[in-house]
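Reviewing the structure listed below.
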Amino acid sequence: MAEATEKSLNFIEQIIENDLESGKYDGRVLTRFPPEPNGYLHIGHAKSICLNFGAAQKYGGQTNLRFDDTNPVTEDTEYVESIKNDVQWLGFNWANEFYASDYFEQLYEFAKKLINKGLAYVDDSTSEEMAAMKGTPTEPGINSPYRNRTIEENIALFEKMKNGEFAEGTHVLRAKIDMTSTNMLMRDPIIYRIKFAKHHRTGDKWCIYPMYDFAHGQSDSIEGITHSICTLEFVPHRELYDWCIDNLEIFPSKQYEFARLNLTYTVMSKRKLLQLVNEGHVSGWDDPRMPTISGLRRRGYTPEAIRDFCDRIGVAKRDNLISVGLLEFCIREQLNKIAARVMAVLDPLKVVITNYPEGETEILTTENNPEDPDSGTRNVPFSREIYIEKDDFLENPPKKYFRLAPGQMVRLKSAYIVRCDEVIKDENGEVVELHCSYIENSKSGQDTSGISVKGTIHWVSIANALQAEVRLYDRLFKVEDPGNEEGDFKDYINNESLQTITAYVEPSLKEATVGTRYQFLRKGYFSLDKDSTDTQLVFNRTVGLKDTWAKETGK
RNA sequence: UGACCCAUAGUAUAAGGGUAGUACAACAGAUUUUGGUUCUGUAUGUCUAGGUUCGAAUCCUAGUGGGUCAACCA
């Protein structure tokens with residue numbers, strides 16, 4: 001039985017198990033999560049985090065958090081802090097917090113070692129000249145005129161680069177590999193460039209910085225990383241990764257690549273997300289419509305739901321586009337279990353219960369969460385005038401409409417059964433008020449009326465209700481795969497992705513604290529936003545409830 | 001007209017030469033004081049063509065389709 005429910009291994013886990021079995025690293029498993037601190041983490045990073053931390057955890061290993069900070073121009077400590085916060089929030093603890101910049105001295109020595117082995121040279125060509133000599137994927141490149149400088153000359157020039165004696169862009173250090181390789185990355189890749197930029201950690205100490213390919217693998221190696229897991233676009237880099245490690249004769253970390261996550265109706269590149277932020281299409285990196293970890297957190301997502309999602313989508317090497325519906329399923333599933341139910345009317349219609357005594361307020365008891373027997377009950381006030389949802393009344397109801405209609409009855413959740421007697425309209429024929437009568441002996445829990453109704457609707461007592469701002473979110477883009485559509489991805493932004501309304505919520509919500517998640521009965525899951533004040537509640541809709549009635553009527 | 005990676009229901013992901021399974025989505029029904037939840041059931045798949053084999057989703061070859069590679073980004 002245990003075998004039957006056991007989850008199968010993804011291909012990374014299979015590799016680790018094979019290595020464990022063959023004793024390749026003496027049973028050691030050490031992975032790393034290597035973000036560049038130039039943007040906020042998104043759900044795609046969550047997949048990588050769950051994979052890296054998850055695999056290590058599973059096999060008794062550890063994971064380093066390493067910031068790949070080799071480009072001071074785009075990097076910033078603001079991002080470092082947000083990344084650390086997000087990884088922790090997701091529920092993972094790193095063994096060490098490292099920075100590629102910790103290794104700048106060592107990397108510099110590695111570069112000199114390559115020069116001394118005749119495997120690197122300083123090139124004075126302009127970037128245009130270098131591009132011209134590089135060839136194309138189908139045509140080989142040609143050697144740089146500077147390719148055959150002597151070791152001594154190269155050492156001296158590289159030293160001068162380091163000492164700031166050359167202007168930016170005038171010299172680079174290149175690995176001497178093969179300008180005719182079918183792998184463009186092996187055509188004498190640049191490994192060091194000059195940048196007079198202030199680094200977020202090393203300040204002005206350096207004016208030369210290693211390129212990704214000369215930093216990442218060596219950093220892995222220095223840390224003794226056993227399994228360096230990255231996304232598919234790095235497949236062609238693996239040859240260079242191995243070349244560096246081989247020629248430097250250092251610990252052989254191995255790189256493995258998996259397919260990155262793509263989600264429907266959103267974009268997942270830091271460049272595009274940065275654009276949305278900078279151009280004001282969203283309120284910031286943590287806008288609840290963003291696929292960022294901070295956006296999802298503010299939206300009301302839980303770390304458990306995100307981890308569950310990452311677990312369900314699997315890990316493989318083929319390109320994929322995952323339905324955002326799966327993410328929504330994951331958060332609904334968890335929130336169904338943990339979110340307290342409350343009543344909130346988002347689009348109010350006034351109901352007067354004409355046979356209920358004026359001025360009277362009755363305190364009713366209702367369950368906090370039928371899915372959680374330990375969640376207890378709470379009180380809700382009931383009175384003569386209440387709000388119900390506009391779409392819970394229809395003057396001319398279709399067949400199988402279980403809500404309110406002229407002459408029809410419904411149960412008010414945890415209260416009485418009411419019958420609609422009269423429909424009040426304004427001069428435009430718009431329904432503005434309903435007059436109902438309640439069945440006195442139909443009180444919830446002590447119903448002796450013998451009447452059974454098909455529908456139960458939520459409501460709030462007008463005199464006791466609190467006003468709240470509610471932000472209803474929809475998908476940020478109108479098309480499934482905006483990044484792969486013709487033209488600019490921003491042409492596909494959904495301008496109605498945020499709708500702000502005023503809702504009436506039950507008084508118990510006065511005590512709500514930021515981040516607390518609720519189910520607004522029959523409406524969806526909501527959490528209190530940080531924009532709330534003592535006098536103004538602000539709720540974000542995390543996700544709606546599954547609505548089979550809407551689907552039915554939409555057919 | 002190159003090299004490399006990939007190809008299993010609508011979407012993902014298993015099956016490591018031996019019964020094509022799981023999840024989400026879809027559909028039908030039951031239960032329900034949330035048209036929620038829960039439960040039951042149904043339909044849908046190995047890119048194509050060859051080859052190896054008693055037996056191929058799995059191994060081989062070719063084709064087709066998709067992706068990646070020509071930043072002093074990572």
Side-chain angles (χ1 to χ4, degrees), chain A residues 5 7-10 14 34-36 38 68-71 73-75 100 123 126-127 130-132 134-141 168-174 181-185 187 189-195 208-209 211-213 215-216 230-239 257 259 264 270-271 311-323 325-330 332-333 336-337 341 343 366-367 370-371 400-403 410-415 417 444-445 447 452-458 519-524 544-553:
Chain A
T5 52
K7 242 200 133 211
S8 54
L9 303 178
N10 64 50
Q14 285 172 16
E36 184 189 10
N38 68 346
D68 230 330
D69 55 351
T70 57
N71 184 4
V73 180
T74 56
E75 296 155 5
D123 197 324
T126 64
S127 61
M130 277 177 45
K134 190 143 194 180
T136 70
T138 53
E139 302 163 87
E168 246 176 62
T170 58
H171 298 72
V172 292
L173 184 69
R174 300 177 75 177
S181 173
T182 53
N183 183 347
M184 297 294 287
L185 285 157
R187 319 240 265 228
I190 295 171
I191 57 178
Y192 260 95
R193 78 287 213 190
I194 300 167
K195 270 184 198 288
I208 55 171
Y209 292 92
M211 297 287 288
Y212 167 85
D213 287 301
H216 199 99
C230 62
T231 48
L232 246 34
E233 59 278 23
F234 291 96
V235 168
H237 291 255
R238 190 175 60 232
E239 193 179 356
E257 312 87 9
T264 55
K270 276 198 271 186
R271 201 194 91 247
D311 208 45
R312 285 168 184 272
I313 58 177
V315 177
K317 298 189 76 151
R318 83 182 85 128
D319 293 319
N320 58 80
L321 178 60
I322 308 252
S323 164
L326 183 61
L327 218 209
E328 293 174 344
F329 165 83
C330 292
R332 277 196 197 104
E333 186 181 56
N336 176 51
K337 286 184 237 153
R341 273 60 171 171
M343 292 200 282
T366 186
E367 72 245 320
E371 300 297 314
K400 294 216 267 185
Y401 182 78
F402 302 145
R403 284 111 98 146
V410 279
R411 156 85 54 192
L412 296 175
K413 173 69 181 174
S414 297
I417 293 172
S444 192
D447 184 348
S452 83
V453 290
K454 275 291 221 181
T456 299
I457 64 173
H458 61 279
Q519 182 192 114
F520 287 3
L521 219 63
R522 302 206 302 136
K523 284 284 138 189
L545 252 32
K546 217 167 107 186
D547 191 348
T548 49
W549 173 246
K551 199 155 63 178
E552 188 76 21
T553 53

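Phosphate proximity of B:G35 to A:Arg522: present, with a side-chain N or O under 4.0 Å from OP1 or OP2. Distances shorter than 4.0 Å separate some side-chain N or O of A:Arg193 from OP1 or OP2 on B:A74. Between A:Lys454 and B:U33, a side-chain N or O to OP1/OP2 separation shorter than 4.0 Å is absent. Distances shown here put every side-chain N or O of A:Gln14 at or beyond 4.0 Å from the OP1 or OP2 atom of B:A14. Between B:C73 and A:Thr70, no contact under 4.0 Å exists linking OP1 or OP2 to a side-chain N or O.
If you check every strand for non-hydrogen atoms under 4.0 Å, A:Lys400 touches a base. In this structure, A:Leu232 reaches neither bases nor backbone, as no heavy-atom distance under 4.0 Å exists between it and the strands shown. The residue A:Met130 sits apart from the nucleic acid: no heavy atom pair falls under 4.0 Å. Base engagement by A:Arg341 is indicated by at least one non-hydrogen atom pair under 4.0 Å involving a base atom. Note on A:Leu326: only backbone sugar-phosphate atoms sit closer than 4.0 angstrom, heavy atoms only; bases stay farther off. Counting any heavy atom pair closer than 4.0 Å across all strands shown, A:Phe520 reaches no nucleic acid atom. Using a 4.0 Å heavy-atom cutoff across all strands shown, A:Glu257 reaches no nucleic acid atom at all. A:Ile457 comes within 4.0 angstrom of nothing in the nucleic acid, heavy atoms only. Nucleic acid contact for A:Phe402: base, since at least one base atom lies under 4.0 Å from a heavy atom of the residue. Residue contacts for A:Pro370: at a heavy-atom cut-off of 4.0 Å it reaches a base atom on one of the strands shown. At a threshold of 4.0 angstrom between heavy atoms, the contacts of A:Thr548 are confined to the sugar-phosphate backbone, with no base atom among them. A:Val235 comes within contact range of the sugar-phosphate backbone alone, with a heavy-atom separation under 4.0 Å but no base atom that close. Contacts of A:Asp547 with the nucleic acid, taken as non-hydrogen atoms under 4.0 Å apart, involve only primed sugar atoms and P, OP1 or OP2. Within the nucleic acid shown, A:Gly445 comes within 4.0 Å of at least one base atom, counting heavy atoms only.
If you take atom C1' in B:A15 and the same atom in B:C59, they sit 16 Å apart, rounded to whole Å. Nucleotides B:U64 and B:U40 are separated by 48 Å at their P atoms, to the nearest Å. B:C39 and B:U32 have their P atoms separated by 16 Å, with the value rounded to a whole Å. Nucleotides B:G51 and B:U13, compared at atom C1', are 29 Å apart to the nearest Å. Comparing the same atom, C1', in B:A20 and in B:U46 gives a spacing of 8 Å after rounding to whole Å. Across the C1' atoms, B:A49 and B:A74 are found 42 Å apart, a figure rounded to whole Å.
Rounded to whole Å, the distance from CZ on A:Arg187 to P on B:A3 is 13 Å. As rounded to whole Å, 15 Å separates atom P of B:U37 from atom NZ of A:Lys413. Straight-line distance from the CZ atom of A:Arg238 to the P atom of B:U68: 18 Å, rounded to whole Å. In this entry the distance linking CZ of A:Arg411 with P of B:G35 reads 13 Å, nearest Å. Counting to the nearest Å, the C1' atom of B:U37 and the NZ atom of A:Lys523 are 18 Å from each other. Between A:Glu333 atom CD and B:G36 atom P there is a gap of 16 Å when expressed in whole angstrom units. Put simply, OH on A:Tyr192 is 12 Å from P on B:A74, counting in whole angstrom units. Rounding to whole angstrom units, CG of residue A:Asn336 and P of B:G35 are separated by 14 Å.
Looking only at distances, a side-chain donor or acceptor of A:Glu75 sits under 3.5 Å from a matching main-chain atom of A:Asn71. Remark: the backbone N or O of A:Thr136 is paired with a side-chain donor or acceptor of A:Arg187 at under 3.5 angstrom. With A:Arg332 contributing its side chain and A:Gly544 its backbone, the two residues share a donor-acceptor pair below 3.5 Å. At least one donor-acceptor pair closer than 3.5 Å links the side chain of A:Asp69 to the backbone N or O of A:Ala100.
Pairing partner, B:C54: B:G18, with both Watson-Crick or wobble hydrogen-bond distances short of 3.5 Å. In a base pair of the Watson-Crick type (N1 to N3 plus N6-O4 or O6-N4) or a G-U wobble (N1-O2 and O6-N3), with each distance short of 3.5 Å, B:A3 is matched with B:U68. For B:G45, there is no paired nucleotide, since no Watson-Crick or G-U wobble pair has both relevant distances below 3.5 Å. In this structure, B:U40 and B:A28 make a Watson-Crick or G-U wobble pair, each of the two defining distances being under 3.5 angstrom. Base pairing analysis places B:A74 opposite nothing; no Watson-Crick or G-U wobble pair with both distances below 3.5 Å involves it. B:G35 makes up no base pair with any nucleotide shown, lacking Watson-Crick or G-U wobble contacts both under 3.5 Å.
Once rounded to the nearest 0.5 Å, the distance linking NE2 of A:His237 with CD of A:Glu257 reads 10.0 Å. Remark: A:Met130 CE to A:Arg174 CZ distance equals 4.0 Å, nearest 0.5 Å.
Along RNA chain B, the nucleotide nearest to A:Ala131 and the one nearest to A:Leu321 differ in position, and the one closer to the 5' end is contacted by A:Leu321. With RNA chain B read from its 5' end, the first of the two nearest nucleotides for A:Arg403 and A:Pro236 is the one closest to A:Arg403.
Nearest to the side chain of A:Lys317, among B:A12, B:C6, B:U13, sits B:C6. Nearest nucleotide to the A:Lys134 side chain, out of B:G35, B:A70, B:C73: B:A70. Closest to the side chain of A:Asn320, from the set B:A70, B:U37, B:U13, is B:U13. Closest contact between the side chain of A:Ser444 and the listed nucleotides B:A74, B:U33, B:G35 involves B:U33. The side chain of A:Ser8 has B:A14 as its nearest neighbour among B:C73, B:A14, B:U37. Comparing B:C24, B:A12, B:G2 against the side chain of A:Arg312 picks out B:C24 as the nearest. Listed nucleotides B:A74, B:G67, B:G2 differ in distance to A:Thr138; the shortest reach to its side chain belongs to B:G2. Listed nucleotides B:A3, B:U13, B:C73 differ in distance to A:Thr182; the shortest reach to its side chain belongs to B:A3. Considering only the side chain of A:Arg318, B:U13 comes nearest among B:C27, B:U13, B:U68. Among the nucleotides B:G2, B:U13, B:A25, the one closest to any side-chain atom of A:Ala316 is B:U13.
The two residues A:Ser444 and A:Arg411 have their closest heavy-atom pair at N-NH1, 3.5 Å.
Ionic pairing of A:Lys413 and A:Glu367 is present here: one or more N-O contacts between side-chain nitrogen and carboxylate oxygen are shorter than 4.0 angstrom.
Classified by interplanar angle (parallel below 30°, tilted 30° to 60°, perpendicular above 60°), the ring pair A:Phe234/A:Tyr212 is tilted.
A:Tyr212 does not qualify as a stacking partner of the B:A74 base, lacking a centre-to-centre distance under 5.5 Å together with planes within 30°.
For A:Glu371 against B:U38, a side-chain-to-base donor-acceptor contact under 3.5 Å is absent.
Side-chain contact check for A:Leu412 versus A:Ile457: some heavy-atom pair is nearer than 4.5 Å.
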